[in-house]
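All ligand and atom numbering here is 1-based and tracks the order in the structure. Counting begins at 1 with the first residue of the sequence.
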Amino acid sequence: MSPQATSGPRRVVAIVLAAGLGTRMHSRVPKVLHPLCGRPLLAYVLDAARAATGERPLVVTSPQTAAIRAAFGDEVDWAFQASPRGTGDALRAALDVLPADVGEVLVLSGDVPRLRGDLLEELLDQRRLDQAAFALTAVAAFDPTGLGRVVRNEAGGVERIVEEKDATEDERELGEINAGLYAFDVDWLRDRIHTLMPSPATGELYLTELVHMARADGRLVASLDVDDDGRLLGINDRAQLAQAEWDMRTELNESWMRRGVTMRDPSTVYLDATVELAEDVTLEPNVTLRGSTRVGEGTTIAAGSTIIDSVIGRDCHVWASIIEHSELEDAVRVGPFAHLRPGTSVGRGAEVGNYAELKNTRLGPGVKQHHMSYLGDAELGADTNVGAGTITANFDGKVKHRTTIGKGAFLGVDTMLIAPVVVGDGAKTGAGAVVTHDVPAGTLAVGVPARIRTPRPPAEDESAR
Ligand code: UD1
Ligand code: MG
């Protein structure tokens, strides 16, 4: 049933096939949700689809790939393939819900993440130019293994696509592959999609059989012929996923270096595509930056650091440390071997050193926490010094409690802070103090459990250092 042609220009929508089982991945996770430089494969395909059409893509999923809907929500429109019986059946499911005012569709596989939007525009142009029933993308592949081969007639026209598993030995020798990216005339497609027959070899409905049908109808199948730059080879297994990751990472690192980022060994720098870096950032070997991480100008992330979803200020230095969901203001030093867990914020010029662990904690500007120490659910005012071994006992076995420490306080080595507890501005604790009650500003707490002493005169204080 063809919808009536409308007088105005008809819309172009991209249909993305993502209902397949992805059996070659051997995974519980649908193939198109596997990450590539930190984003699911499908996210890249959707970007290219939107760039080429300016419309919301229509994505086909099946019960087996329901997790995809949960991941992308109402960012796209959805079609449903009850059981994944092949790419032809997936396209049929999409056409069932495609609005009648759509005149052309791009059909894309969800597993070709490195394609570019401008290639899809060329594909649309090629079909229009040749007035073809549809246009496909043919790649002269260095390694055609596993992919459908393009069979041409003597005049060079596309005659058939043969899947590798159905191909004869001669056909397998053909080096030109079908990239699985198409532009269709929707009227022709709606007429023909219901006449697809299952493959005798696999029982699947192959979208690629539409080539044969168009030819039988006397219609042309156009081809956009492209050289193999590795971008259009679909990802079917984890070895291909690793290759795509390598290629994308190399490109991404190169592009950051051209924008002012120093990498001493880019082959060991792992950046998600979502990370943002300023000029004069230096990334030493074995650095991983993930998610929404942003790094400010002049900052060095030194060897062996992993930073996840965090904001790092300007002129900071982070060395061999792990930082998750945290924020560093400017000129902060972290590491080596510190762990900043979610909810940590470190004020300007503060220093967090060896074997320090922080969680849901705010360090004011200039705080020093140099040696093995745990601060959880705490707030520390400016310029407070945290002695080696200081620990907040923030958990009583049932509930987490907060610790509040004022400005310019001095926590002696091995101070235990039994939360909830407040230590006032300028207060001090003696070595090994177990602080069970609040310490008023300017006083000294010593012993187990800690008792409050009157402050010593300043002169004596100086000579005691
Ligand atoms: C397909 C092409 C092949 C081409 C290759 C390019 C067919 C028959 N073969 O093979 O010619 O060289 O892509 O990468 O089309 N899908 C569904 N429902 C299904 C089956 C698949 O939505 O029932 C989706 C998958 O999720 C995937 C896409 O269609 O995103 C392609 O499926 P896949 O199994 O990877 O096809 P290939 O064997 O790679
Ligand atoms: Mg594939």
K.L.:
Could you pull out, from Thr87, Leu210, Val59, the option with a heavy atom nearest to atom 8 (C) of ligand 1?
P.N.:
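Among Thr87, Leu210, Val59, the closest heavy atom to atom 8 (C) of ligand 1 comes from Thr87.
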K.L.:
I need the atoms of ligand 1 closer than 4.0 Å to a non-hydrogen atom of Asp111, numbered in the order shown.
P.N.:
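Taking each heavy atom of Asp111 in turn, ligand 1 has 30 (O), 35 (O) under 4.0 Å.
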K.L.:
Salt-bridged, Glu251 to Arg258, with N to O below 4.0 Å?
P.N.:
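Salt bridge between Glu251 and Arg258, a charged N being under 4.0 Å from a carboxylate O: no.
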K.L.:
Does the protein put any heavy atom within less than 4.0 Å of atom 1 (C) of ligand 1?
P.N.:
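Looking at atom 1 (C) of ligand 1, one finds that no protein heavy atom lies closer than 4.0 Å.
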K.L.:
Report yes or no: is the cationic atom of Arg114 (NZ for Lys, CZ for Arg) closer than 6.0 Å to the six-membered ring centre of Tyr44, at no more than 45° off its axis?
P.N.:
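Geometry flag: not set, cation outside 6.0 Å or 45°.
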K.L.:
Need the ligand 1 atom indices (1-based, order shown) with element for anything under 4.0 Å from a heavy-atom of Arg85.
P.N.:
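Listed by number with element: 23 (O).
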K.L.:
Looking only at protein heavy atoms, which one is nearest to atom 23 (O) of ligand 1, and what is the separation?
P.N.:
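For this ligand atom, the closest protein heavy atom is Gly86 N, 2.7 Å.
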K.L.:
Do Asp170 and Thr168 have side-chain atoms, one donor and one acceptor, less than 3.5 Å apart?
P.N.:
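The answer is no; no qualifying pair exists.
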K.L.:
Out of all atoms in ligand 1, which are within 4.0 Å of some heavy atom of Ala179? Include the element for each.
P.N.:
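The list of qualifying atoms is 6 (C), 14 (O).
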K.L.:
Using a 4.0 Å cutoff against the non-hydrogen atoms of Gln81, which atoms of ligand 1 qualify?
P.N.:
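Those qualifying, in numeric order: 17 (C), 18 (N), 19 (C), 22 (O), 23 (O).
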K.L.:
Could you check His370, His371, Gln369 and say which one makes a side-chain hydrogen bond (donor to acceptor under 3.5 Å, both in side chains) with Ser373?
P.N.:
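Only match with Ser373 under side-chain hydrogen bond (donor to acceptor under 3.5 Å, both in side chains): Gln369.
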K.L.:
Drop me the distance from Thr87's OG1 to Tyr182's OH, to the nearest 0.5 angstrom.
P.N.:
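It is 6.0 Å, given to the nearest 0.5 Å.
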K.L.:
Starting from atom 27 (C) of ligand 1, which protein heavy atom do you reach first, and at what distance in Å?
P.N.:
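Here the closest protein heavy atom is Leu17 O, 3.7 Å.
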K.L.:
Please state which protein non-hydrogen atom is closest to atom 26 (O) of ligand 1 and give its distance, to 0.1 Å?
P.N.:
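Going by distance alone, atom 26 (O) of ligand 1 is nearest to Gly20 N, 2.9 Å.
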K.L.:
Quick one: does Gly146 get an N or O within less than 3.5 Å of an N or O on ligand 1?
P.N.:
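Not met; the criterion fails.
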K.L.:
Which of the numbered atoms in ligand 1 are under 4.0 angstrom from any heavy atom belonging to Ser109?
P.N.:
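The list of qualifying atoms is 28 (C), 31 (C).
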K.L.:
Compute the minimum heavy-atom distance from Lys31 to ligand 1 and say whether it is under 4.0 Å.
P.N.:
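Heavy atoms of Lys31 do come under 4.0 Å of ligand 1.
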K.L.:
If I apply the N/O under 3.5 Å rule, does Ala19 come out as touching ligand 1?
P.N.:
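Checking ligand 1 against Ala19, an N or O pair does fall under 3.5 Å apart.
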K.L.:
What's the shortest distance from atom 11 (O) of ligand 1 to any protein heavy atom, and which residue and atom give it?
P.N.:
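Ranking protein heavy atoms by distance from atom 11 (O) of ligand 1, first comes Glu163 OE2, 2.7 Å.
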K.L.:
Run the numbers for me: atoms of ligand 1, each under 4.0 Å from some heavy atom of Gly110, listed by number.
P.N.:
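Every atom of ligand 1 under 4.0 Å from some heavy atom of Gly110: 30 (O).
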K.L.:
Does CZ in Phe80 sit with more than 12 non-hydrogen atoms of other residues, nucleotides or ligands closer than 6.0 Å?
P.N.:
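Yes, CZ of Phe80 has more than 12 neighbouring heavy atoms, counting only those of other groups under 6.0 Å.
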K.L.:
Can you list the ligand 1 atoms lying under 4.0 Å from a non-hydrogen atom of Leu147?
P.N.:
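Matching atoms, with element in brackets: 5 (C), 6 (C), 12 (O), 14 (O).
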K.L.:
Need the ligand 1 atom indices (1-based, order shown) with element for anything under 4.0 Å from a heavy-atom of Gly148.
P.N.:
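Going through ligand 1 atom by atom, the ones under 4.0 Å from Gly148 are 3 (C), 4 (C), 11 (O), 12 (O).
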K.L.:
List the closest protein heavy-atom neighbour of atom 39 (O) of ligand 1: residue, atom name, distance to the nearest 0.1 Å.
P.N.:
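Result for atom 39 (O) of ligand 1: Asn236 OD1, 3.4 Å.
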K.L.:
Side chain, backbone, both or neither: which part of Arg24 comes within less than 4.0 Å of ligand 1 when only heavy atoms are counted?
P.N.:
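It is the side chain that gets close, since no backbone atom is under 4.0 Å.
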K.L.:
Return a yes/no value for Thr208: is any of its N or O atoms, backbone included, closer than 3.5 angstrom to an N or O of ligand 1?
P.N.:
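Thr208 vs ligand 1: no N/O contact under 3.5 Å.
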K.L.:
Please say whether Ile161 places an N or O atom under 3.5 Å from an N or O atom belonging to ligand 1.
P.N.:
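There is no such contact.
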K.L.:
Tell me which N, O or S atom from Asp111 is the closest to the Mg ion (ligand 2).
P.N.:
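Result: OD2.
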